[in-house]
Amino acid sequence: MTGPVSAPLIEVRDLTVDFPPGPSGTGSGVRAVDGLSFSLAPGRALGIVGESGSGKSTVAGALLGLHRGTGAEVSGSVTVDGTDVLGAPPAELRRLRGGTAAMVFQDPLSALDPYLAVGDQIAEVHRTHAPKVSRRAARERAVAVLDRVGIPDAARRSRARPHEFSGGMRQRALIAMALACEPKLLVADEPTTALDVTVQAQILDLLHELRAETGMGLVLVSHDLGVVAGSVEEMLVMRDGRAVEEGPVGRVLDAPAAPYTRELLAAVPRLEAPRARPPAARGEVLLEAVDVRREFGRRGDRTVAVGGVSVAVTEGETLGVVGESGSGKTTLGRMLVGLLAPGGGAVRYRGEPLRGVRPGLQMVFQDPVSSLNPRRSIGESVADPLRAAGRLTDREAGARARELLEQVGLDPGWYDRYPHEFSGGQRQRVGIARALAPGPKVLVCDEPVSALDVTTQAQVLDLLAGLQRELGLGLVLIAHDLAVVRQAADRVAVVRRGTVVEQGPVDTVYDTPRDPYTRHLLAAVPVLDPAEATARRAARTASATATTPAEPEPVGA
Amino acid sequence: AGPQDGDAEGGAGGKPAKGGKLLVLNTEPQVNFDPARLYTSGGGNVPSLVFRTLTTRKRADGEEGTKVVPDLATGLGRPSENAKVWTYKLKKGLTYEDGSPITSADIKYGVERSFAAELSGGAPYMRDWLVGGADYQGPFAKKGPKTLDSIETPDKRTVVFRLKKPVGDFPYVATQTQFAPVPKKKEKGAKYEKHPLSSGPYKVVRNENDGERLQLARNPHWSAKNDPHRHDYPDSIEVRSGLDPAVINQRLSTSSGDDAKAITTDTNLGPAELAKLGKDGNDAELKKRVGVGHFGYTNYLAFNPKVKPFDKKEVREAISYAIGRRSVVNAVGGTSLAEPATTFLPNQKALGYTPYDHFPAGKNGDPDKAREVLKKAGYGKGLAVTLTHSTDDSAAIGSKVATAVQQSLKKAGITVKLRGLERNAYDEKRQDAGDTPGFFLSQWGADWPAGYPFLAPIYDGRQIVKDGSNFNHAQLDDEKINKKFDAISGDTDLKAAARRWGALDREIGERALSVPLFHPVYQRLVGKDVKNVVISDWTGVLDISQVAVK
Amino acid sequence: MRFALFTTKRLVGAVLVLLVLSVALYALFYLVPGDPARLACGNRCNVEQVAQVRERLGLNEPVYAQYLHFVQGLFTGRDFPAGNGVQHCQAPCLGLSRQNDEEVTSLIAQGLPATASLALGALVIWLVLGLGTGLVSALRRGGITERVLTVLTLAGSGTPVFILGLLLLMAVCAYLQWLPFPSYVPFTRDPEQWAWNMLLPWLSLGLFESAKYARLTRSSTLEVLAEDHIRTFRAYGVSERAVVTRHALRGALPPVIALSALDLGTMLGGAMITETLFGLPGLGRLLIESVREVDLPVVVGIVLVTGAAVVIANAVADVLYALADRRVALS
Amino acid sequence: MTTAYEVAATAPGADRRLWRRLRARPSAVVAAAVLAVLVLAALAAPLLAAASGQDPDTYHDGLIDSASGGAPRGAFGGVSAEHWLGVEPGTGRDLFARLLYGARISLLVAAGATVVQILIGVSVGLAAALGGRWADQVLSRVTDVMVALPMLVLAIALTTVVPDGFPRPLLLILVMGLLGWGGTSRVVRAQALTLRGLDFVAAARLGGSGRLRVARRELLPSLAAPVITYAAVLLPTNIVLEASLSFLGIGVKPPTPSWGQMLSTATTWFRADPMYVLLPTGLLFVTVLAFTVLGDAVRTALDPREASRLRVGRATGRTRKEKKTP
Ligand SMILES: Nc1ncnc2c1ncn2[C@@H]1O[C@H](COP(=O)(O)OP(=O)(O)OP(=O)(O)O)[C@@H](O)[C@H]1O
Ligand SMILES: Nc1ncnc2c1ncn2[C@@H]1O[C@H](COP(=O)(O)OP(=O)(O)OP(=O)(O)O)[C@@H](O)[C@H]1O
Ligand SMILES: [Mg+2]
Ligand SMILES: [Mg+2]
């Protein structure tokens, strides 16, 4: 407000952020951001990309002075719309936060107060920056912005509490909160990471539209190059707290100067990439689900998680299962390995009905963090199934576990280490080793790579493919990332709300999708080419105006 | 004796006058308020405001207060047939709180109903003494006689009791609440206590929380004319019980607000409060408000000679020699709260106190003499015994005394193992004639100030109770001694009888069947506006019927 | 509707457990030394009298029969022989006190007001003190204020009630003479006197309990303050006071409410020591006395009533919790 | 899910880190030191008492004033060269020795009771969480009632039922332990229920582990942190509880001293002999305080939130180091 019009909206000079050892002397200090400088003109959009831990969120936070009072040591200078963020007095800082620059956080599930109505929260923030506004007017404003971000029936929904909103709606609400104060800058830290591709596309489109409408600046933080490609003009690639490459988005993606950027680009799985391996010969059917169904909850609020699905996996074959969040993929996977009893239909393993778990069917879990017991060494975790089976002596089990670790590409010497000492990709490997321990015939992998960096993703997928070849495993690969499935699966089943809408060989389904839903999904996948992205967005907007806007999303996604 | 200066007007001094509200702060709730169920010496304290009895204790300070005086009756009773028949004549014009007359039949009925199982709890003497009393089951009994023929009411004012044997103490016994009149038509069984019909100066207005809160008001039909012993100074009396003793004493000593007009009828000053009294400068005023009371009571070590090694008299003697009474007295609060005892009978003329010390132990015990005696008995190398006691210290038969005994016997080479029992278990154990422990703490108090109730239950061989509550712990059943009990108890000359009881106590003492430890002394504190404080040696507590708050 | 169903289910479960519990209590107190008949009869009863009393109290029946009669009385009421007539005890009949034939239900009804007064007042105190100090110390974390408050509240919990209460009594009533010594006045008789007289008991029990609540409030406030949504409001420039009062407190309350309901339930069984100390005619005192006198019907009666109170409080706490925090589903 | 996982993640191989974190808090260090001194003093009670030339049982009738209630003669409750902390009113027993010996019982009973409470609580809580719907229903209701029971009453009843030869400290441990496990069981059940939903439990089941094995190998290690934290709360509570039981007359039997037993006899003496009250009260208070401070410290140290995480400071906060570039 105070700065001259021509002045940059953001001016970051030599920003360094150190996180000192924890307040009670834990760990060593971390230099999260190291001498970073960049600037952004008003109304422009900047994308910050980089792998996990590269310092993206720290930079985003520094723009609003969020590190003040946390013990982090910040040096350099950050100026946003003429305000010296690091040195401004508290009142001015508070005005900046929300008033000048608003932040949209990564996790929409937890970023809203669970106890208050969404509308009230937005109104509260609005009144913080416009104290003269009456309570009532603030509420009206909240409804207006909610309506603006596409919440259907905004007046009614504004009285709902966050848990009654789906993930996409919550993210919209957060954006609405930002809009309520009419900021000049929107800082969005991974605004779509937790969301489905279709919802992600909607949110990105919304941001795009709002920028066009209000002329605000945008800083978009993401680890997904595709997300950034279609939404910003400029791009900053970070690694270990430093800028690796910076420039207009088209230039960086087309002709990356830094080797790291090239590496990053190469690892991104592509929807249109041809399959890297020959299709597996269809062998004997190992595992088969026949019209399985499963419901949760009691009479009052029943959800049908899986409503009659039939799939089959043969030896040496990979079956991909794709679908949006909450479509029942995990439930199906758990039924396939016997962790969950089907509520109807049957699962057959080698022709016999499955009752309970069995060594031949194993699963690799979605979340590499919670799937390992943090209190047990990884070797113990891997050896445990062997010990439980009781066929091997303790010593033999240990030896076998080491072999397995080696097999998945881990150093057997790490046997005694604990999960927290490993990266996500390594943990996922441990999970695979453990699943292999009982000598399974079929491995169900529930989103084995969704939590991983693109580079790590590629490694894990390679590992699975190798193992499959070696052991002749039947694989079920559950994923919401369509590109991943295209790369790794032989056949694919597209799930929507607990039923399979389309099933067939990968190429057929991807190249000539028959079901509209499949087409819808494919269209929502972000692409790396900015031009292509703009074209797709136009197409999406056109079809959205043609049909009704996004269908109401299921609650509790 | 009453307060320090001994005059009967304690507290603020001046003449007592009518008016005001008296507050009574007590520890024990008056759970029972039925005259049949009460077991209180001299008709109790609060109950005796409501229940007049044939005779009553004299409301006077100290020794004078051990005398028995007529109450409803015109005299102390006329003995005949060698004190086996006692005849009482009621005063004229006696009425209940509702104005209806009190008749001799009501006295008879009151005694009869105390035989009912529903109304158990009273003193056992009538059951033991009245002709036919042993088999009578009270007026509600399904089988057997409904009335007791040995109580006769020849006319409305005369009641005659026929006893199995001569009883010289009958006038004392007639002070108990079982001798309060109960009109048969007001009988409500166990519920009678909700509203017992008053014959005394006050009546029950409210009884809440099972006797925890009592509200008494003047009985308009009571007349001082035919009750020279009680007074009705306060307009109303409120009894609040269930209070912590320390709190009661603190309230009385602070004496602020209503507490200035407060007394307690069951709470003694504790050691800590006495220590405070001695130390603080401004406590002259407080000391004035403390009255000293004596109640015939003895705490003693009891032996059961049927149990080894207490069958050897030398062992019992050695323990008698070894006992250090100073430690024991200190354990219960020092010399202000206990007097060391060498006799079984407490130091009261009415009881027949005759001093003796058969096994002199001095203040701190005589361990050398004890060892010597032990050696004779063959325990030269020392002796290990178990002392059974209660875990409840409030009655001074608890762990504190036991530990003091343990410490003093240790010096004589006697190792004492303590066996503390919870109150009920302890009572059951020591009163179980078949299984009495060899060595335990016990205590005994007088049901009335005379030798008979003090000695007979303890040493009369006929009083050994097989399946009930036995107090003849030593299970002494000596023909010669039993005869003496019969002879003295028939003596209607109470003074002469007292002397004879004293001689008997001394004689039994030689047998070393118990080691008297101490006689408790009571220090009673009253609020600062309380007047006319009277503490008799019969009850040892302040007599509520004399108190004035104006 | 769901809450009602949920509560009913919990209650039914609890009633069953309470019945089982009463069996255990019966058995336990059956073993307690001290012949109840003899205790009821009095000190100097002879064999025949004790036998009569035993028969009258039904103690000559085998235990299981006694227990069955008790349960029967609960549902249909019971008749007891009394003097020249019968004493009818209406359902739910918990029996008669063995000490003086009072109906247990009426004894409980008489003791309840004092106990409830104590529990409710103490609840207010510990909520005010606990929430207050907990909040302040959460806000001033690491500061001197927090340390002082921590030590103060701990002083409450580290001093047994019987010391704390006595010290308060002596300080306030004896030394400073600010208040007369408390003596219970029923609320219905004189609400003002009631409050003045309950003040010290409330304080001593409330202080003792408040430490727990201060700590709970502090930790749950800190927990909420560490949650992501707090970050949102701070990042939008909302003032710290609003963050704490509007957002953190709301999240910190449910566990405090839940624990309060529970403690309240437990306390209805009588805060024995406090009642003893202040001479409150409540259930706690009655209970202790009855245990001493092996007055089984009273003991069982009070324990059952308390048990029921706690179970109800428990269910209420769960419902409150779920109402306050919609994220928690009733299960 | 993350929060549940954080529960599990509290101290993965991080026991060393835990120590480091604890050491970094001065209050925790002081508390630990106080407790160490107390425990050592309790263990060495006979030695220390002998060093002062006293024992806890001998009466000194000469040191008290029999005429005024048995209060100790001399200042500060009879402090002297022989009796460092004075003597007990009524008996003249040495207070220093009695406090030392008392510490043994108080700490032993509190620690023992805590162990029993934790053992039962953990077993019941785990069984409820893993045993299926019926087991859960039954055990949860039983737990409700356990929590509801007036512990003091049952304690009174139980102590009278047990044969009197039974060692009292053990009895107290059992009574407090057997009646006081409700809270632990609830905590454990709740934690176990959340943990049970975590993937590593499913993984263990897939690996062929039965319920017992899952409980032992997967859940128990992760429950350690919350249980330790809870135990740190239970311990001081149990110390006070022992005192309360003694107040009601069902503590250890004399002449064995315990703090609670001393306190219960001391209450009336606080004006006549303040030392007699203040010493055990003070000790009890210090112990409870130390346990609580240490418990809080352990809990914070075990709190995963202390680990790195983007925190947003208050607007009023300042960055610690501000280098302004021109
Ligand atoms: N509050 C904090 N305390 C200590 N270290 C921190 C803190 N926040 C972040 N870090 C560390 O700083 C580095 C950069 O973190 P940052 O969150 O900025 O990365 P990021 O690029 O956003 O990663 P991601 O993609 O996983 O969100 C990491 O090593 C991280 O562990
Ligand atoms: N244990 C459960 N209890 C109740 N509802 C459940 C349970 N597990 C899953 N559901 C519901 O069943 C539906 C399908 O869930 P599922 O986890 O199988 O989906 P998903 O496709 O794996 O989703 P995501 O991609 O988010 O992992 C959802 O609506 C979910 O809320
Ligand atoms: Mg980030
Ligand atoms: Mg899933």
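All figures in this text were calculated on a predicted structure; none of them were measured in a lab. Quick note on labels: first sequence line is chain A, next is B, and so on, each numbered from 1.
Of the atoms belonging to L386(A), not a single heavy atom falls under 4.5 Å from chain D. With a threshold of 4.5 angstrom between heavy atoms, R417(A) does not approach chain D through any atom at all. Proximity to chain A (any heavy atom under 4.5 Å) is shown, for R205(D), by both the backbone and the side chain.
With a 4.5 Å cut-off on side-chain heavy atoms, H67(A) and T58(A) count as touching.
A salt bridge is absent between D384(A) and R434(A); no separation between the charged side-chain nitrogens and carboxylate oxygens falls under 4.0 Å. Ion pairing between E11(A) and R13(A) holds under the 4.0 Å rule for side-chain N and carboxylate O.
Other residues, nucleotides and ligands place no more than 12 heavy atoms under 6.0 Å from the CZ atom of R358(A).
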